[in-house]
Amino acid sequence: MTETGEAQHVIKARQEKLRRLQELGIEPYAYHYEPTTSAAAALRDYEAMSGESAVKSRLAGRVRSLRPHGKTTFAHLEDRTGKMQVYFRQDTLGDEGYELVKLLDLGDWIGVEGPMFQTRTGEITLRADDLQLLAKTVRPLPYGKEEKDESGESIEHGGFGDVESRYRQRYADLAVHSEVRDLFVVRTKALREIRRFLDDRGFLHVETPILQPVYGGATAQPFTTFHRTLDRELYLRIADELYLKRLIVGGLERVYEIGQVFRNEGIDRTHNPEFSMLELYQAYADYHDMMDLTEALVHHVVQEVKGTSVITYEGKQLDFQPPWPRLAWYEALERHGRLSAADLGVEGLRGAAREAGVEDADEKGKTALLDGLFKALVEDELSGPIIIYDYPVELSPLAKHKRGGDRTLTERFEVFVAGRELANAFSELNDPFEQRERFEAQARMREEEGWEEAHQVDEDYITALEYGLPPTGGMGLGIDRLVMILTDRSSIREVILFPTLRPE
RNA sequence: GACCGGGUAGCUCAGCUGGUAGAGCAGCGGACUUUUAAUCCGCAGGUCGUGGGUUCGAGCCCCACCCCGGUCACCA
């Protein structure tokens with residue numbers, strides 16, 4: 001990045017310090033340091049020993065604040081666990097050692113070693129008998145200033161608030177905001193708990209292709225790319241589904257995958273072009289089993305990560321303790337949309353859609369009208385968690401018909417939380433003949449109605465089904481949205497380390 | 001994609017009916033051996049998102065474009 005104006009001056013000044021350090025024989029970019037403790041642990045240990053510490057602690061981290069007072073300097077060092085005040089004295093460090101203190105800048109990585117004590121104002125502090133520079137920061141980090149009010153709450157002044165810069169330079173955002181680091185720790189914990197839950201139930205964590213010759217498993221437009229040696233177009237996966245079910249055919253019986261999928265669609269607060277999905281498939285299970293499993297899995301994650309099953313999201317209390325309310329799709333439309341959709345013909349639906357403000361209602365077919373009505377009238381009302389089940393067959397090309405004869409419904413459910421879909425599951429269609437028909441119906445919609453999101457016919461997948469897919473329950477869950485709920489964020493970009501932005 | 005709001009110093013922001021750009025923090029120099037938004041004295045720091053236009057004169061008005069955010073649409 002090139003700078004004009006002042007950043008250039010600051011950077012020059014720091015480079016000048018770098019030169020002076022080298023003159024003093026100090027290597028500004030070290031190779032190694034071995035901290036013996038962390039800020040949080042050192043504070044905890046000191047308090048446990050009720051102040052009788054002669055033990056030296058060795059810490060490493062970034063210089064977070066500097067308060068020089070002539071021959072003495074106070075600083076805060078911050079590591080991944082928190083902050084520790086450090087006290088430098090010219091008489092303990094020596095004139096040369098103290099020269100290094102004078103050349104420190106905010107953001108520098110340092111290592112310090114020394115005994116702990118309590119200052120006159122009561123803050124537990126490490127007196128540095130030794131100071132090592134680990135890496136010089138030549139570009140100023142956008143630190144704000146922190147103040148502690150009477151209750152010990154810290155108030156940030158200034159700071160780094162521009163969201164665009166925060167996402168573009170996430171490294172600076174993370175360096176400066178411990179709460180952002182905490183958020184991604186929560187994300188990691190959630191992932192770990194998902195894996196633990198599934199591993200404990202005999203699921204195998206597998207990896208399937210991201211580059212696919214035929215995409216499928218969802219209705220979405222793909223990203224295309226090109227393989228030179230193969231001399232052909234490939235697609236970035238829009239879902240893991242079809243490959244995972246091939247593995248069930250192969251006898252793995254319980255599989256799951258967590259990874260990014262890619263959809264070439266709009267970007268907004270709840271959509272990023274690449275996002276993380278959990279998909280799992282379990283042989284011999286149906287969608288009732290998937291309901292129980294989904295409730296248990298999400299509850300487990302919420303409980304382990306948050307320590308409670310009731311959490312606050314966007315000001316609302318959400319209770320994840322199973323069982324969750326379960327409501328049939330048409331019933332939901334009746335209850336929330338006050339619409340008896342099953343009794344209405346296409347024209348009736350179209351009229352209702354127009355009234356509900358569904359865009360292009362006049363050009364839409366029955367499928368799209370139903371979908372539009374549900375989104376317009378019902379989704380926002382679903383604070384959740386709630387399970388909506390038995391979807392119209394037109395919306396679900398990969399789900400089995402509802403058993404018992406009603407050919408208009410499928411054994412599919414979705415979980416809604418805060419008005420948004422969190423999970424999607426069904427009794428997987430395992431009849432190869434019907435699967436072919438549904439693919440072909442989709443292909444016709446693609447050709448006749450120009451519906452680009454419709455499925456392609458995946459011949460190899462049908463071949464797999466012909467070898468026999470046992471009855472199987474499958475479920476997909478949006479990881480990013482789960483993390484949004486766990487961290488009370490309303491933008492998906494807050495929970496993705498490097499969200500997609502327009503190139504500068 | 002449509003509409004609304006925003007883009008000014010490294011960061012956070014102010015900038016009047018158009019008169020040639022300001023504060024705090026950060027930075028630099030100086031004083032200071034238990035401070036903590038350290039303090040005190042001094043200094044420096046700007047393609048005002050980009051490109052056009054109107055005007056004697058544009059950060060401000062007009063047009064186009066770029067980027068971000070919000071709402072809606074599209075979309076799991």
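Below, chains carry the letters A, B, ... as their sequence lines are ordered, and counting in each starts from 1.
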Please tell me whether Tyr87(A) and Arg89(A) have a donor and an acceptor in their side chains that are separated by less than 3.5 angstrom.
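There is such a pair between these side chains.
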Decide whether Asp130(A) and Gln132(A) meet the rule of one side-chain donor and one side-chain acceptor closer than 3.5 Å.
yes
Applying a 3.5 Å limit to both distances, which nucleotide forms a Watson-Crick or G-U wobble pair with [N]?
N	answer
G27(B)	C43(B)
C16(B)	none
U36(B)	none
G1(B)	C72(B)
C65(B)	G49(B)

Quick one: which of [options] gets closest to the side chain of [X]?
X	options	result
Arg14(A)	C68(B), U35(B), G27(B)	G27(B)
Lys17(A)	G27(B), U35(B), U34(B)	G27(B)
Thr119(A)	U36(B), A37(B), C68(B)	U36(B)

One pair to check against side-chain hydrogen bond (donor to acceptor under 3.5 Å, both in side chains): Arg44(A) and Thr81(A). What are the steps and the verdict?
CA-CA 12 Å; Arg44(A) 215 186 309 119; Thr81(A) 68; over 6 Å; no
Applying a 4.0 Å non-hydrogen cut-off, can you work out what Arg420(A) is touching in the nucleic acid: base, sugar-phosphate, or nothing?
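Arg420(A): no heavy atom of the nucleic acid under 4.0 Å.
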In whole angstrom, give the distance that lies between atom [atom1] of [X] and atom [atom2] of [N].
X	N	atom1	atom2	answer
Gln85(A)	A38(B)	CD	P	10 Å
Glu123(A)	A37(B)	CD	C1'	13 Å
Ile267(A)	C67(B)	CD1	P	11 Å
Leu104(A)	U35(B)	CG	P	21 Å

For Met277(A) and Asp162(A), find the nucleotide of RNA chain B closest to each by heavy atoms; which residue's nucleotide sits nearer the 5' end?
Asp162(A)
If you assign each of Pro142(A) and Arg20(A) to its closest nucleotide in RNA chain B, which residue comes earlier from the 5' end?
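Residue closer to the 5' terminus by nearest nucleotide: Pro142(A).
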Please check if the number of heavy atoms outside Glu207(A) that lie under 6.0 Å from its CD is greater than 12.
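Result for CD/Glu207(A): open.
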Please say whether more than 12 non-hydrogen atoms of neighbouring residues, nucleotides or ligands are located less than 6.0 Å from CD in Glu96(A).
no
